[in-house]
Amino acid sequence: MMQNKKIIVVCGNIASGKSTVCRRIKEKGFVVIDLDEITHQIYEQGTELYYKLIDEFGEGILDENSNIDRKKLSNVVFNSKTLLKKLEELTHTDIILRVVKRIKNEKSDLIFLEISMYLESKKLIDKYIDVDEDWVVVADRNIRIQRIMDRNNFDYDTAVTRINSQLDYEKKISEFDEVIVNNTTETDLLQKVDKLIDRKKL
Ligand SMILES: CC(C)(COP(=O)(O)OP(=O)(O)OC[C@H]1O[C@@H](n2cnc3c(N)ncnc32)[C@H](O)[C@@H]1O)[C@@H](O)C(=O)NCCC(=O)NCCS
Ligand SMILES: Nc1ncnc2c1ncn2[C@@H]1O[C@H](COP(=O)(O)OP(=O)(O)OP(=O)(O)O)[C@@H](O)[C@H]1O
């Protein structure tokens, strides 16, 4: 679907600071659709996808109430590139179709999309959504490892495994319209966001 609304993507690797950037964008009154949040909604019980996931990954991904437990699912897919790819195949079109619907229903003519796997799923996104601009948030690998360890209570190896399951966006910054570097304090980051929004006259 191609929409007559301006769409700005905010993306970046795990723990780069996308959610912090998007929180500021929301505080300024703009609409942000978070694809991680939409991802969490697609796992409800009883859907076709629910059964496909159990077929593919086994009942070990369920909690005691037979809901899909994302922590258990993560332990399965982040330890196997093949299974992670399988999960993406099963979920990405569903996620994007839900986003398209949200965009259609949104009154604002400027919409930000917070997307973690943007480069990885760009072909599919471009098929359904007309992206006007893409912004990337980057932070050094070691800083991100530390942030993941602190936030998720992961050990070093688990944090590194998560990072290694994604493309390195820092190597791809020339492909983006704007680059937001997040290696210092959160206050600095928020200032950068404010300046960027002013400069863009949004
Ligand atoms: C793996 C899942 C179950 C983990 O859920 P959980 O609630 O623990 O984490 P959350 O969804 O908040 O994601 C946290 C971060 O993990 C990273 N991540 C998510 N999916 C992937 C993936 N397919 N590959 C690599 N990293 C990923 C992103 O940086 C994301 O911001 C969930 O992320 C998922 O279902 N992912 C597959 C669908 C997908 O690719 N979604 C990304 C948006 S399109
Ligand atoms: N400049 C900063 N200084 C200190 N901590 C920060 C900074 N920026 C972000 N953080 C912290 O690092 C963690 C990751 O930030 P955030 O959630 O914004 O990243 P993200 O890119 O959305 O991550 P994910 O892809 O995992 O959803 C959070 O706990 C956040 O509070």
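Indexing begins at 1, ligand by ligand and atom by atom, following the structure's order. No hydrogens, no waters, no symmetry mates; every other heavy atom, side chains included, goes into these values. The shown structure was predicted, so the numbers you read here are calculated from the model rather than taken from an experiment. Numbers here are sequence positions counted from 1.
- For Glu88 and Lys85, the salt-bridge test fails: no basic side-chain N is under 4.0 Å from an acidic carboxylate O.
- Taking Ile, Leu, Val, Met, Phe, Trp and Tyr as hydrophobic and joining them when side-chain heavy atoms fall under 4.5 Å apart, one finds Ile14 in a cluster with Ile145, Ile148, Met149, Phe154, Tyr156, Val160, Ile163.
- Listed by number with element, the atoms of ligand 1 under 4.0 angstrom from any heavy atom of Tyr43 are 34 (C), 35 (O).
- Between Ile14 and ligand 2, not a single N/O pair is under 3.5 Å apart.
- Within the structure, the closest approach of Thr184 to ligand 2 falls below 4.0 Å when heavy atoms are considered.
- Here the heavy atom of the protein found nearest to atom 30 (C) of ligand 2 is Thr20 OG1, 4.2 Å.
- At least one N/O-N/O distance between Gln166 and ligand 1 falls below 3.5 Å.
- In terms of polar-atom proximity, defined here as any N/O pair under 3.5 Å, Asp36 does make such a contact with ligand 1.
- Where the criterion is an N or O separation shorter than 3.5 Å, residue side chain and backbone included, Ser116 fails it with respect to ligand 2.
- In the candidate list Gln146, Arg147, Glu114, Met117, Arg147 is nearest to atom 6 (C) of ligand 2, counting heavy atoms.
- Between Glu133 and Lys200, at least one side-chain N (NZ, or NE/NH1/NH2) sits under 4.0 Å from a carboxylate O, which counts as a salt bridge.
- Classification of the Phe112-Trp135 ring pair by plane angle, with boundaries at 30° and 60°, yields perpendicular.
- Here the protein heavy atom with the shortest distance to atom 10 (P) of ligand 1 is His40 NE2, 3.5 Å.
- Contacts between Asn182 and ligand 2 below 4.0 angstrom, taking non-hydrogen atoms only, involve the side chain exclusively.
- Residue Asp36 has at least one heavy-atom neighbour below 4.0 Å for each of these atoms of ligand 2: 27 (O).
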